[in-house]
**Q** 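This is the structure I have questions about; it appears just below.
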Amino acid sequence: MRGLIFLTADNSLKLKNDLQDPKPNSEEVVVRVSHCGVCGTDLHIMQGHFPVAVETQLVLGHEFTGWLQEANADSKKNQDGNFGTPVFVNPNGRCGYCIGCQEGRVHFCGYRAMGAASVGVGRDGGWAEFVAVPANQVHRMPKDLPMSTGILVEPISCVLHGYDRLFTAGAAKQLDPTDSVLILGAGIIGLLWACLLHQRGYRTIQISDISPERRQVVTNMKLDGMSPKQPTELLSNTYQLIVDCTGVPKALESAYKSLSSGGILCVFGCAPEGVKLNLPYYDLVNREITVVFCRVNQFASDRAIDLTYQLHRQGYLDFNRLGIQVYPLDQHQKAFETLGKRQAPKVAFQLG
Ligand SMILES: [Zn+2]
Ligand SMILES: [Zn+2]
């Protein structure tokens with residue numbers, strides 16, 4: 001089969017036409033991939049920031065949709081004629097028994113902590129024609145949700161978890177849709193935060209990004225009450241909520257002064273281990289700033305599927321307006337170049 005492999009020896013990528021077809025075990029099914037996104041996590045892995053637990057090579061890609069291809073002959077998991085069913089795959093497994101799972105905080109699942117492999121991160125993922133995945137991580141796509149749009153379920157699941165964190169951390173009590181919000185970073189995660197907040201009634205949403213192309217995407221989205229900003233033109237003491245989607249401490253530290261007193265700082269971006277965040281102790285206390293940290297939760301819950309479907313129906317997820325560029329696998333270099341130069345908020349591969 002065709003696929004793009006990541007070689008751990010030199011952190012390089014190679015397009016191969018003769019990769020071995022996956023062989024599912026009795027707990028797995030094979031998915032023929034339709035679309036697969038490229039995520040910030042993939043870039044971190046390719047740059048060697050997040051080590052992967054495989055020895056030589058790995059097919060990356062954890063945001064994908066496809067069609068059920070086959071079950072293992074021994075499998076009881078897919079015996080009811082589901083061949084060809086459009087599905088998307090939740091990249092992460094859970095045990096269902098540990099305290100994290102039982103309390104509904106599946107991102108703290110001890111089974112994952114013990115190294116259970118995430119699809120596309122610790123075991124082969126969706127940047128190939130076929131992939132074997134645990135059968136209980138496969139979900140049927142809602143009817144009339146396009147296969148391309150389905151790749152957003154996973155990032156939307158992350159954003160929904162961040163939004164939930166504002167409530168579980170008690171911070172949301174301080175928020176009202178009339179408040180001004182600043183989102184740092186107009187990559188796809190920042191844009192999806194904007195979509196969710198807009199859907200929930202917020203109408204003063206600004207998104208800052210250093211890239212003019214990405215600021216143009218914010219304008220193109222044509223959401224009333226949402227506008228792009230240059231990081232240099234932020235006013236101080238203005239926003240009740242700042243959501244960092246950059247993972248870049250400098251961006252967060254310099255935007256911090258734009259937070260109004262009693263405001264909420266939601267730290268949502270991912271930074272590699274060892275990166276430090278430098279916030280002013282005295283000011284945090286004096287102005288009673290609430291800081292909410294979010295571990296990005298890649299569990300594509302039923303609520304995330306539902307939310308993706310709602311946002312799609314409400315017109316938020318149009319790829320042209322969001323500036324998402326879709327490439328065939330053999331143009332992967334161009335795709336990574338576009339993303340690397342921040343010329344698009346997101347790129348994805350179409351395989352099927
Ligand atoms: Zn991701
Ligand atoms: Zn668990």
Side-chain angles (χ1 to χ4, degrees), residues 4 6 27 33 35-47 49-52 58-66 88-128 131 133-134 136-137 139 148-163 185 187-193 195-196 244-247 268-272 294-301 304-305 307-308 317 322 324-326 332 335-336 339-340 344-349:
L4 198 54
F6 169 68
E27 301 295 316
V33 178
H35 288 75
C36 187
V38 176
C39 167
T41 305
D42 299 316
L43 299 184
H44 277 302
I45 292 172
M46 287 159 59
Q47 288 155 5
H49 297 157
F50 296 166
V52 289
L58 177 72
V59 177
L60 296 171
H62 57 273
E63 304 169 347
F64 59 98
T65 58
F88 79 92
V89 174
N90 180 351
N92 293 307
R94 66 183 94 173
C95 75
Y97 302 106
C98 73
I99 290 173
C101 283
Q102 293 205 343
E103 287 178 344
R105 299 187 296 167
V106 291
H107 51 304
F108 294 143
C109 174
Y111 163 74
R112 272 188 76 195
M114 283 162 64
S118 297
V119 176
V121 178
R123 55 180 284 167
D124 286 343
W127 294 357
V131 53
V133 295
N136 63 2
Q137 288 169 227
H139 300 259
S148 53
T149 313
I151 65 162
L152 297 178
V153 171
E154 192 267 357
I156 284 173
S157 161
C158 299
V159 169
L160 181 60
H161 174 67
Y163 185 78
I188 193 65
I189 293 292
L191 299 181
L192 291 175
W193 261 99
C195 291
L196 177 56
D244 171 59
C245 300
T246 65
F268 192 78
C270 284
C294 305
R295 169 170 168 171
V296 177
N297 178 4
Q298 304 96 331
F299 283 92
S301 65
I305 300 166
L307 177 60
T308 306
L317 303 183
L322 285 171
I324 300 175
Q325 299 189 7
V326 180
H332 63 275
F336 290 119
L339 198 59
K346 187 169 189 71
V347 299
F349 297 124

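Worth saying up front: this structure is predicted, and the values here are computed from it rather than measured. Whatever order the structure lists them in is the order used to number ligands and atoms, beginning at 1.
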**Q** To the nearest 10°, what's the angle at the Zn ion (ligand 2) between atoms SG (C101) and SG (C109)?
**A**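 With the Zn ion (ligand 2) as the vertex, the angle is close to 100°.
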
**Q** Measure the CZ-OG distance between F88 and S157 for me, rounded to the nearest 0.5 Å.
**A**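 One gets 8.0 Å once the value is rounded to the nearest 0.5 Å.
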
**Q** Within the structure provided, determine whether L152 and I188 are in side-chain contact (heavy-atom separation under 4.5 Å).
**A**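 Yes, side chains in contact.
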
**Q** Per the side chain to side chain contact (heavy atoms under 4.5 Å, CB included) rule, which among L192, V153, L196, V159 passes with L307?
**A**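 Exactly one option meets the side chain to side chain contact (heavy atoms under 4.5 Å, CB included) with L307, and it is L196.
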
**Q** What angle sits at the Zn ion (ligand 1) between NE2 of H62 and OE2 of E63, to 10°?
**A**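 It is 110°, given to the nearest 10°.
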
**Q** Give a rough value, rounded to 10 degrees, for the angle at the Zn ion (ligand 2) between atoms SG of C98 and SG of C95.
**A**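 Rounded to 10°, it measures 110°.
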
**Q** In terms of ring plane angle, is the pair W127 and F349 parallel, tilted or perpendicular, where the classes change at 30° and 60°?
**A**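 The rings of W127 and F349 stand perpendicular, inter-plane angle above 60°.
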
